[in-house]
*Asks:* 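Have a look at this one before I ask anything.
Indexing begins at 1, ligand by ligand and atom by atom, following the structure's order. Reckoned from all heavy atoms, side chains included, excluding hydrogens, waters and symmetry mates. Quantities reported herein were computed from a predicted structural model and do not represent experimental measurements.
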Amino acid sequence: MKFYNFILVFATLTIISFAILPIKSQNIFTYEDIPSVNASDSTPTIFKLVSYDDNTIVVHIIRPDLSYPIEKGILWVDKYLSLRTIYPNGSVVPVDIKLDIQDFNYCILDINGSQASPIRIYPIRSNFLIVTYAETTNLTDPLSYTDWAMVVDLNGNIYSKISFGPSFVDVATNQWYPDRAKIFANFDPDKGFIRYTPVTGSTNTIWQQYIVTEAGEINLLAQDNIPFKNNLSLLSNVIPMVDSKYAIVFANSTDVDTIDSPLTSRGGVYIIILDYSLAIKREPAVLYQTQIQGIKFINIDCSVSYVGIGQTCIVTSESTIRAEKKLYLKIDFLSSGTVINVLPLMNDIQTNPLIDQYNIASLPYGGYLLSGLGTSDGQNIVAGYLLGDNGESFPWNLPINTVTNFIGASKVLRNNTYVLAQLGEKPNWSLVTTELKKFELERDHGYDNFHIDTTSPVLDEKIALDIESLKIIYYNEVDLSVGLIKIFHENGNLRQIIPGTNDTFVTQNVDGNLTTVNIKLLNCTLNQPGSRYYVSIENNFVKSRVYQEPLYGVKDHVWTFTTPQIEEEFSESVNGQVRLTANGTVYFESLNERERKIFTTKLTEELADAIPVSHKRVTTNERIETDALAPQKQIFLSININQDETRKERTVKFAIRDLDNLIKNKFITVIASGEASKYLDDSYGYHRLPDPLFTHGLLGAFAVGLMISGVFFFAKDKLPGVKDTTIFLFKFCVAISDIGLDWVFIITKAKNVGLFIPSLVILIGSFNVSLVLALRIIDKELRDIEQAEKAKNESVQEENSSVQADNFKVWFNKNNIFVNVFTILAGTDLDILTLLDSKVKFGGFVEFNANFSKKTVQRIVKYSCINIILENIPQLVIQSDILRYYTFIKAFDENGDENSAHAYAKDPSF
Ligand SMILES: *[C@@H]1O[C@H](CO)[C@@H](O)[C@H](O)[C@H]1NC(C)=O
Ligand SMILES: *[C@@H]1O[C@H](CO)[C@@H](O)[C@H](O)[C@H]1NC(C)=O
Ligand SMILES: *[C@@H]1O[C@H](CO)[C@@H](O)[C@H](O)[C@H]1NC(C)=O
Ligand SMILES: *[C@@H]1O[C@H](CO)[C@@H](O)[C@H](O)[C@H]1NC(C)=O
Ligand SMILES: *[C@@H]1O[C@H](CO)[C@@H](O)[C@H](O)[C@H]1NC(C)=O
Ligand SMILES: *[C@@H]1O[C@H](CO)[C@@H](O)[C@H](O)[C@H]1NC(C)=O
Ligand SMILES: *[C@@H]1O[C@H](CO)[C@@H](O)[C@H](O)[C@H]1NC(C)=O
Ligand SMILES: *[C@@H]1O[C@H](CO)[C@@H](O)[C@H](O)[C@H]1NC(C)=O
């Protein structure tokens with residue numbers, strides 16, 4: 001007995017907890033709304049919920065203004081546009097915007113039981129909202145009302161406004177309908193929106209397409225009107241389609257009596273396709289027709305089908321003669337207007353006595369949500385349930401009748417979460433959210449796209465820097481289309497941009513399996529180690545092969561991958577040039593001095609951003625040269641790439657390779673969209689010029705060598721002693737340039753490789769040692785002579801040696817300055833001292849005839865050996881590091897990078 005009780009309690013608890021669990025899958029989000037402005041002391045009420053593709057929710061709050069008398073049919077509210085943005089990370093940003101508009105906008109009108117406000121918000125491109133309102137010159141005359149809109153961002157900044165034209169007024173009743181005009185964002189929100197409205201006093205309907213620029217300007221793209229036969233066409237809707245076109249869907253039906261033949265259509269659903277940004281008149285296409293008597297269409301809900309192909313409309317109809325339940329008809333059609341499926345939905349619709357009419361919406365993850373508003377115990381309630389494609393129905397996770405506020409604002413987010421406004425309680429407002437059933441969950445492999453099976457690299461993969469292509473595998477066969485595929489660095493820098501129709505870069509498998517698309521990468525595209533990249537695929541990059549219907553793409557930051565962290569070897573600054581196109585040259589030459597300066601600055605900045613490296617690493621010395629070989633006038637601009645002092649960026653070696661690639665492929669990289677860089681000649685790329693110091697040094701040495709050998713060859717037979725002079729000059733030049741090169745080396749090269757201090761120590765150290773040795777040689781020679789003189793004074797000896805000894809002293813005293821100079825030069829090369837005794841004459845002006853003693857000559861040889869060991873060997877060791885560095889550059893020039901070789905070949909100065 002007790003045991004049974006226990007089991008019973010346990011079972012009950014289990015059942016209760018299971019019963020409670022589903023209810024847990026709803027979340028209540030409550031926000032304590034302390035207004036930043038003077039607001040009425042009334043409960044904040046959610047008037048509208050809108051969302052962006054990234055699931056950011058914008059809540060439009062109103063506060064009834066209690067200081068106004070409560071009129072019948074009009075609720076006055078506080079004179080602010082109050083937006084509360086809920087970001088996906090949960091943070092809420094409230095703004096209360098004081099709009100500069102007439103006060104009559106701040107009201108909610110009750111027109112035949114539905115609430116309408118002139119102020120409505122529509123999300124368009126990321127972070128921007130369109131806010132509608134009205135203006136009038138005569139409040140009491142609805143016909144004088146005009147519709148307006150302004151662009152506002154989520155931080156409350158106002159960008160621009162525009163007038164749409166007269167508001168819609170029902171001329172029969174003189175009733176103003178502030179929300180009869182509808183706005184629909186393009187399927188690609190960057191491409192603007194369409195406004196669709198009936199015309200006052202006519203059966204015409206007007207559509208107007210607008211674009212909102214990145215700077216928040218609204219511009220009209222196209223507009224036209226559609227004449228309808230009767231006002232029944234007011235039952236219509238607009239669907240933004242995947243290929244950026246819009247479709248106007250409308251339904252009409254005729255009175256029973258006027259029909260003469262049983263085969264005549266008594267009603268139908270039609271679409272008119274509108275091209276993007278063009279006003280081309282098209283006849284309606286039939287989606288559905290019926291010969292059944294007494295059918296009346298009462299609702300049309302349409303959307304792009306994320307799971308399937310094309311668009312889906314769900315048409316609600318009822319019979320005017322039989323008291324039947326409502327009928328729901330699902331029509332799938334392509335953007336060409338071709339119907340691919342017509343299906344009556346559910347015959348066993350769950351009847352909820354509280355709900356008069358269900359709205360039906362197709363869900364991002366497949367299936368449909370049916371929801372309707374009703375009242376229970378004086379409160380507004382929402383009831384809803386889910387429907388699969390085959391008509392099977394499922395309950396939702398919210399209570400059967402969920403209380404909501406008097407507007408009943410709700411929204412299904414892109415991630416299949418349903419959000420519903422709750423009754424607020426001063427000072428709070430709150431939302432209830434619940435995840436709706438994901439019918440096609442297993443088809444979503446993380447790309448937010450039900451057409452893509454997998455990719456290579458897969459999501460979040462760590463890739464090698466040198467991958468050559470991307471791969472996308474679709475579930476079904478596709479054809480390539482005009483939409484773009486773009487590769488970005490995580491920070492938003494565009495790396496590569498190609499349309500699906502570019503058959504060099506976008507290919508399908510040759511083996512005939514057309515589910516796979518390959519995208520070739522430039523080697524400058526994923527060029528930063530340790531970085532995250534993402535691929536964004538535009539809508540209509542591919543089409544379904546079977547249906548020829550454009551497929552939607554992949555959003556930013558979804559398909560991401562990272563490159564590995566690698567160290568690049570340092571490389572030093574280079575000079576180079578780019579060439580302007582003929583058009584670019586014409587443009588450049590039309591600029592004045594100051595504008596040219598701005599142009600070149602802009603160009604260096606754009607190139608730095610394109611590589612990318614910091615701005616100060618791309619410079620120009622403003623040198624302009626005309627390309628003599630080009631058929632039309634084209635100029636070269638110097639562009640130098642400076643070495644990376646921070647050691648964190650792309651090194652020069654790779655930066656110039658990337659820059660060359662970027663320019664050569666400018667139409668698929670960011671170069672073509674730069675204000676200045678678009679003028680670069682892609683057939684030229686970036687050409688490296690030889691290092692000027694290096695070039696001048698080489699040229700100088702070459703010239704001197706040429707001169708000396710010239711003198712030598714022409715004069716050797718004519719003048720005796722010329723050979724010696726030549727050798728003398730040659731040795732002298734070598735010594736001088738040795739000093740020069742040592743220093744140039746230290747200052748320009750050793751510094752870059754981090755060997756500045758060791759090189760300096762070795763150079764100065766060995767210089768000092770050699771100098772001491774040289775002084776010692778001279779000193780010894782002089783002392784030897786003195787000794788000899790002493791000896792001579794003591795005992796007269798052979799004339800010969802004393803004469804010789806005497807000669808150096810005499811010569812030394814006469815040519816003191818040469819001895820000093822040569823001694824210092826000997827600091828680098830001791831051997832140079834032998835020049836003093838080379839017997840070379842310069843026109844009888846000086847004669848290098850020092851007459852060293854034998855001992856001295858031996859000493860010079862001996863000390864030279866010491867000198868080599870002390871100076872040259874350590875120097876060689878250190879310089880070998882730099883030599884390696886040079887061969888590295890050289891190897892790079894030879895392989896792979898034909899353009900440098902090209903530059904050397906073309907550059908006349910080389
Ligand atoms: C709020 O109202 C008070 C008094 O009515 C006024 O002094 C103050 O400037 C108002 N503040 C704002 C932000 O409008
Ligand atoms: C969907 O988006 C909303 C709003 O950003 C978020 O609160 C919710 O957790 C998301 N749901 C899922 C399943 O990611
Ligand atoms: C949440 O996201 C928004 C927009 O992306 C950002 O401005 C805000 O700083 C984020 N807040 C937190 C707490 O991360
Ligand atoms: C405003 O409109 C009303 C109704 O149409 C009209 O009687 C009145 O004269 C108008 N006032 C002005 C100033 O135009
Ligand atoms: C359409 O016209 C009929 C009369 O032709 C009228 O009774 C009805 O109210 C009109 N409907 C709308 C929505 O204007
Ligand atoms: C409904 O509209 C279509 C297209 O405009 C037209 O051809 C048809 O005659 C209309 N039918 C009725 C019953 O008005
Ligand atoms: C094409 O490739 C996909 C994925 O590799 C595979 O599932 C499909 O069966 C292939 N189709 C044909 C016709 O070979
Ligand atoms: C150069 O400019 C002319 C006239 O503006 C234009 O027709 C031509 O297409 C341009 N050429 C290129 C290569 O952009």
*Asks:* Just checking, is any N or O donor in the side chain of T620 or T600 under 3.5 Å from an acceptor N or O on the other one?
*Replies:*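 No pair is found: no donor N or O on one side chain lies under 3.5 Å from an acceptor on the other.
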*Asks:* What atoms of ligand 3 come closer than 4.0 angstrom to any heavy atom of S91?
*Replies:*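 Result: 1 (C), 10 (C), 11 (N).
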*Asks:* Is the closest N or O pair between S253 and ligand 6 shorter than 3.5 Å?
*Replies:*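 It does not: no N or O of S253 is found under 3.5 Å from an N or O of ligand 6.
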*Asks:* Examine K191 relative to Y276 and say whether NZ or CZ is less than 6.0 Å from the centre of the six-membered ring and inside a 45° cone about the ring axis.
*Replies:*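 Output yes; distance and angle both within limits.
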*Asks:* Would you say the rings of Y679 and Y587 are close, in the sense that their centroids are separated by under 6.0 Å?
*Replies:*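 Yes, they do, as the ring centres are separated by less than 6.0 Å.
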*Asks:* Any salt bridge between E589 and K633, counting N to O under 4.0 Å?
*Replies:*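 Result for this pair is yes, salt bridge flagged.
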*Asks:* Listed by chain and number, what are the salt bridge (charged side-chain N to carboxylate O under 4.0 Å, His left out) partners of K555, not counting sequence neighbours?
*Replies:*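 For K555, the residues satisfying salt bridge (charged side-chain N to carboxylate O under 4.0 Å, His left out) (neighbours in sequence not counted) are D448.
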*Asks:* Strictly below 4.0 Å, N to O, side chains only: are K330 and D332 in salt-bridge contact?
*Replies:*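 Salt bridge present between K330 and D332.
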*Asks:* With atoms numbered from 1 as shown, which atoms in ligand 6 lie under 4.0 angstrom from a non-hydrogen atom of N252?
*Replies:*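 Once the distances to N252 are compared, the set is 1 (C), 2 (O), 3 (C), 8 (C), 10 (C), 11 (N), 12 (C), 14 (O).
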*Asks:* Any N or O on N89 sitting closer than 3.5 Å to an N or O of ligand 3?
*Replies:*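 The answer is yes, given that N89 and ligand 3 share an N or O pair closer than 3.5 Å.
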*Asks:* Report yes if the distance between the aromatic ring centroids of F228 and F250 is under 6.0 Å, otherwise no.
*Replies:*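 Yes, the ring centres sit under 6.0 Å apart.
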*Asks:* I'd like a table of the close N/O pairs between ligand 8 and the protein (anything under 3.5 Å), one pair per line with both atom names and the distance.
*Replies:*
| unit_1 | atom_1 | unit_2 | atom_2 | d |
| --- | --- | --- | --- | --- |
| ligand 8 | 2 (O) | N583 | OD1 | 3.1 |
| ligand 8 | 2 (O) | N583 | ND2 | 2.3 |
| ligand 8 | 11 (N) | N583 | ND2 | 2.9 |
| ligand 8 | 14 (O) | N583 | ND2 | 3.3 |

*Asks:* Before accepting this row, confirm whether a basic side-chain N of the pair R180/D170 lies closer than 4.0 Å to the acidic partner's carboxylate O.
*Replies:*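 No, no charged N to carboxylate O under 4.0 Å.
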